[in-house]
Amino acid sequence: MTHTCNKCGIPFEIRDEDRKFYAQFDMQGPEMCPECRLQHRLNFRNERILYKRKSSLSGKPIISIYHDQHRYPVYAVDEWWGDKWDALDYGQDFDFRRSFFEQFQELLLKVPRIALFNVNPENSDYCQQAYNNRNCYLCTVVKDSEDSQYLTHTNKAKDSYDCSHTQNIQLSYECLDSDKLYECIECQGCQNSHNLSYCYDCIGCSDSLGCSGLRNKKYHIFNKPYSKEEYTQKITSLELRKYSNYQKYKNHFKNIAMKAIHRPDWNLNTDECIGNYLINSKNSYQCFDAFEIQDCAYSTWIFESRDCSDIYGMGTSNYVYSSVGVENLNNCAFCTFVSDSNDVMYSDLCFYSSDLFGCVSLRKKKHCILNKQYSPEEYVALKAKIIEHMKKTAEWGKFFPVSLSSYAYNETVAQEYFPLSEQEILAQGFLWRNENMKEYQPASILIPDDILEAKDDILSGILSCETCKKNYKITSPELKFYRNLQIPIPHKCPYCRYMDRFHLRNPRGLHERTCGKCEKRILTTYGMERSERVYCESCYLQEIN
């Protein structure tokens, strides 16, 4: 059945499968289209904007996703997890004369928030939306990784830098949308490969440079085969350890990727799936950047989950609806940053809990509403009454209003996926935050062209990004990594490097177009205006080597 989005006015479909899913939560279908719903949820997620401030508890200096003038109390990570405070102390009774969201906002303003969302870190204090990492620095949306820096949307990485949307990688640099790589540099869409440089859509390959569409090949340069001796000699002669040469071939790589034959999507081993960047998935609809999922819909960056809908950022969960940044959940809805919990609804920052409704920052609790403890019988009865109240106030089944977001729009992932000007942000009811207009220092040291000429004094120098002019530094592990792989020192700050990778990916969204060879109708993330050659799956498989 087709509906009209109450925000953008575009028609959208609610499938029969969707209605059955919503019915499990006793909810009607959404009033906004999938894209507007995603934009709304992303306004609640700050992945990489960090601030220096002081803890609201101890006053000690901390790094936080909340600026120093924020309306919420913010505790250091160790303080928030400590036992010197109890979130139940902020509990409040539900007032049926007022709306749920109004009362929930009052609770949000009182209960301390954690400075960074960083679970079980080991020497990885400067990571955000991170789980179980060791010796990692400035990594965001990362899990089970170690000895790495500047990663984003990555699981199981080791000794890797500046990679996005990757998993099972080691000794890799500036790689994107790839799985199972070892010692790879500047690769996109590659799988099960090692010692590749500037390669695109290569699987099961090794010892190759500037190649695209190869399968189970080695010793290739620009898709041309060489003997091992010839390959080694040619690679050495390129002197890629020099920044000038490195950039030359990086720009050449962009042309290689543009001229390559493109498949309709980057899905791998999927069954009855519609979306992009899906791996080992089944019966999922309009999902992106996901693996090991089944019976999911309208979700991005989820893994090892089933029977979920309208999620951004989730791992190892079942029966979850309309949530952001959640992990290990079962039968939950409208949650932000809730982990290892069951039967939780309309809650934020809760862990190791069950049977919560409208709660904030609870740990190891049961049967709580607005952070107040109840008996199991009392909880069930009061929860039912609140749901009926929310149906009357037209709140039930809707995600938190944007006024409850902890961030300004331009601090969140929404600005990356749906970039807006300040005027557009304010016109749509979102918040805008002006960036501190600090004066950045000029570079105090000259970056050598050749990594072999880089001295240790660069560690104490201040560098200036050639794009945004912001200052950045090179860390000792980072310099060791560059020397080991003979990679030149970057001339851009980590954020600009991330955005360069971000813009290499196709936008979310699916379009109808025709195969560039047989003219069969296909569904793809390449719009009709795009100049790339996009083939249907069968024509694509006939062309790759």
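Of all heavy-atom pairs between Y417 and D289, the closest is OH-OD2, 4.3 Å.
Contact check on E388 versus K391 returns a salt bridge, with a Lys/Arg side-chain nitrogen under 4.0 Å from an Asp/Glu carboxylate oxygen. Ion pairing between a basic and an acidic side chain is recognised when a charged N comes within 4.0 Å of a carboxylate O; E512 and R521 show such pairing.
Residues that satisfy the side-chain hydrogen bond (donor to acceptor under 3.5 Å, both in side chains) test with Q128, not counting sequence neighbours, are absent from this structure. Y495 is linked by a ring pair (Phe, Tyr, Trp, His ring centres under 6.0 Å) to nothing, counting only residues two or more places apart in sequence or in another chain. Partners of D86 according to the salt bridge (Lys or Arg N to Asp or Glu O under 4.0 Å) rule, which considers only residues two or more places apart in sequence or in another chain, do not exist here. Applying the salt bridge (Lys or Arg N to Asp or Glu O under 4.0 Å) rule to E102 yields the partners R98; only residues at least two apart in sequence or on another chain are considered.
Side-chain atoms of N46 come within 3.5 Å of backbone atoms of I49 as a donor-acceptor pair (strictly under, hydrogens ignored).
Pairs engaging residues 338-358 under the side-chain hydrogen bond (donor to acceptor under 3.5 Å, both in side chains) rule: R113-D348, N328-D340, N331-D343, T336-D348 [sequence neighbours left out].
A ring-centre distance under 6.0 Å is found for F430 and Y409. For F104 and F400, the distance between ring centers is under 6.0 angstrom.
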Review item, side-chain donor-acceptor pairs of residues 55-64, under 3.5 Å, at least two apart:
{"unit_1": "S55", "atom_1": "OG", "unit_2": "L57", "atom_2": "N", "d": "3.1"}
{"unit_1": "S55", "atom_1": "OG", "unit_2": "S58", "atom_2": "N", "d": "3.3"}
{"unit_1": "S55", "atom_1": "OG", "unit_2": "E79", "atom_2": "OE1", "d": "2.5"}
{"unit_1": "S56", "atom_1": "OG", "unit_2": "R53", "atom_2": "NH2", "d": "3.3"}
{"unit_1": "S56", "atom_1": "OG", "unit_2": "V74", "atom_2": "N", "d": "2.9"}
{"unit_1": "S56", "atom_1": "OG", "unit_2": "V74", "atom_2": "O", "d": "3.2"}
{"unit_1": "S58", "atom_1": "OG", "unit_2": "K60", "atom_2": "N", "d": "3.3"}
{"unit_1": "S58", "atom_1": "OG", "unit_2": "E79", "atom_2": "OE2", "d": "2.4"}
{"unit_1": "K60", "atom_1": "NZ", "unit_2": "D78", "atom_2": "OD1", "d": "3.3"}
{"unit_1": "K60", "atom_1": "NZ", "unit_2": "D78", "atom_2": "OD2", "d": "3.2"}
{"unit_1": "S64", "atom_1": "OG", "unit_2": "Y66", "atom_2": "N", "d": "2.9"}
{"unit_1": "S64", "atom_1": "OG", "unit_2": "A115", "atom_2": "O", "d": "3.2"}

